[in-house]
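Worth knowing before you read on, the calculation uses all heavy atoms, side chains too, and leaves out hydrogens, waters and symmetry mates. Counting convention: from 1, in listed order, for ligands and their atoms alike.
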Amino acid sequence: MINDLTRKCILNRKDYIPGKPVEEVKRELGLTDVLKMASNENPLGVSPLALEAMILELQNNSNLYPESLCTELVEKLASNHGINPGQIFIDNGLDGVITMIGLTFINPQDEVIFGELTFPAYENITSKMDGVCITVPMTEDNCLDLDGFVQAITPRTKMMFVCNPNNPSGTINTREEVERLLASVPPNVLVILDEAYYNFVDQLDFPQSISYMKDYPNLMILRTFSKVMGLAGLRIGYAIASSEIIKVMLKAREPFPVNRIAQAGALASLQDKEFVTKTVTLNWAGRKQYYKAFNEMGLRYYESQTNFVYVELGKSADDVFQEMLRDGVIVRPLTAQGRPFALRISIGTPEQNERTIAVLKKAMCK
Ligand SMILES: Cc1ncc(COP(=O)(O)O)c(C=O)c1O
């Protein structure tokens, strides 16, 4: 009976298996000191300015519904990016934004293009909307093959998701590659650049994507407060696009998707340049710490432009993951994403990285 009631595209989905929470690992393994290096969170916590603003908002206004359109935050972001407020759409994390993109645009059987090794939310929303996932193999350097994206376009293509930098490979597509893509995609196909990790990029040929907005009305850019701003637990992210796109997406949106505390925290975090600099500096040092260890261990990795590293172990990542869990360190095996020998490890403080490396070394010897 339930099978008849349920939409087929939901019924056909595999159950979602979330990453192991710290509490579960403590309970199951009887550990007290567990370190999670699996979800690319900010190891410095949250900006002190944001924290102060959030506490005030919690104390003073929790009984009131939030402002639906996040007007103050929209205006601040628009002025920072040099665009119109009508070009910004804020939702409950980028997860919420991606869901709204699907709800607004994907009809059954529409094709959606993305990389074979990329952020799972694109597959997730496409299949929930009964669209068709078209995945493009990675290049030899573990990058998204944007020329391959163009070749995959058909009359049924609705949109493509370009995760740049890409999760979980940590690699980027260059300015030249992105410009070639934009010039080749027909105007009726949406190009969505997911730039959740753009603050961590130090490669000079990374595209300044907002400057493309004026030439490409089919372009959307996604940014989040979860990573460099440390607000992952508050759930707030945004899309930048033409006002035509934003107007229709607002029709699909829930009335109050972003709570007051998140809005206050996000607005205040934009003032805290020092926190951003500290976070990025720590991250760049952490990358080097991992590269050094991987080089010593003879492991293959790809230089990261994000706050995590992708490393190939030459043996079962699930086994190494389980072994590391026993020592209280949670990392992300990429088996479910078709890379059974690779791990994704978040970059933390020097001490957290050191512990992770020591535990990885020990697990690799088993
Ligand atoms: C590439 C990418 N896009 C989007 C998200 C979702 O971000 P948010 O926390 O804003 O929902 C993530 C989260 O890890 C991500 O890696």
Novice: Could you name the option among Leu94, Asn167, Thr306, Asp91 that has the heavy atom nearest to atom 8 (P) of ligand 1?
Specialist: Leu94
Novice: What is the nearest protein non-hydrogen atom to atom 13 (C) of ligand 1, stated with its residue, atom name and distance?
Specialist: Lys227 NZ, 3.5 Å
Novice: Measuring from non-hydrogen atoms of Asn40 to any atom of ligand 1, is the shortest distance under 4.0 Å?
Specialist: no
Novice: With atom 16 (O) of ligand 1 as the reference point, say which of Phe308, Tyr197, Phe225 has the nearest heavy atom.
Specialist: Tyr197
Novice: Using a 3.5 Å distance criterion without hydrogens, assess whether the side chain of Asp194 forms a donor-acceptor pair with backbone atoms of Ala196.
Specialist: yes
Novice: So which atom in Pro165 and which in Gln305 form the shortest heavy-atom distance, rounded to 0.1 Å?
Specialist: CG-O, 3.6 Å
Novice: To check you understand the geometry: which heavy-atom pair defines the closest contact between Leu77 and Phe225, and what is its length?
Specialist: CD2-CZ, 4.2 Å
Novice: When you measure from the heavy atoms of Cys163 to every atom of ligand 1, does any distance fall below 4.0 Å?
Specialist: yes
Novice: Name the orientation class of the two ring planes belonging to Tyr197 and Phe200 (parallel below 30°, tilted from 30 to 60°, perpendicular beyond 60°).
Specialist: tilted
Novice: Under 4.0 Å between a Lys/Arg side-chain N and an Asp/Glu carboxylate O for Glu303 and Arg287?
Specialist: no
Novice: At a 4.0 Å threshold, what atoms of ligand 1 neighbour a non-hydrogen atom of Ser226?
Specialist: 8 (P), 9 (O), 10 (O)
Novice: Please tell me whether Asn40 and Ser346 have a donor and an acceptor in their side chains that are separated by less than 3.5 angstrom.
Specialist: yes
Novice: Which ligand 1 atoms does Thr224 reach within 4.0 Å, using its non-hydrogen atoms?
Specialist: 8 (P), 10 (O)
Novice: Using a 4.0 Å cutoff against the non-hydrogen atoms of Gly93, which atoms of ligand 1 qualify?
Specialist: 10 (O), 11 (O)
Novice: Are any non-hydrogen side-chain atoms of Leu117 and Arg339 less than 4.5 angstrom apart?
Specialist: yes
Novice: Which residue and atom name correspond to the protein heavy atom nearest atom 12 (C) of ligand 1, and how close is it?
Specialist: Phe119 CZ, 3.3 Å
Novice: Give the residue and atom name of whichever protein heavy atom lies nearest to atom 11 (O) of ligand 1, and the separation in Å to one decimal.
Specialist: Arg235 NH2, 2.6 Å
Novice: What residue and atom, counting heavy atoms only, is the protein's closest point to atom 6 (C) of ligand 1, and at what distance?
Specialist: Asp95 OD1, 3.5 Å
Novice: Is the closest basic N to carboxylate O distance between Glu296 and Lys292 below 4.0 Å?
Specialist: yes
Novice: Nearest protein heavy-atom contact for atom 3 (N) of ligand 1: which residue, which atom, what distance?
Specialist: Asp194 OD2, 2.7 Å
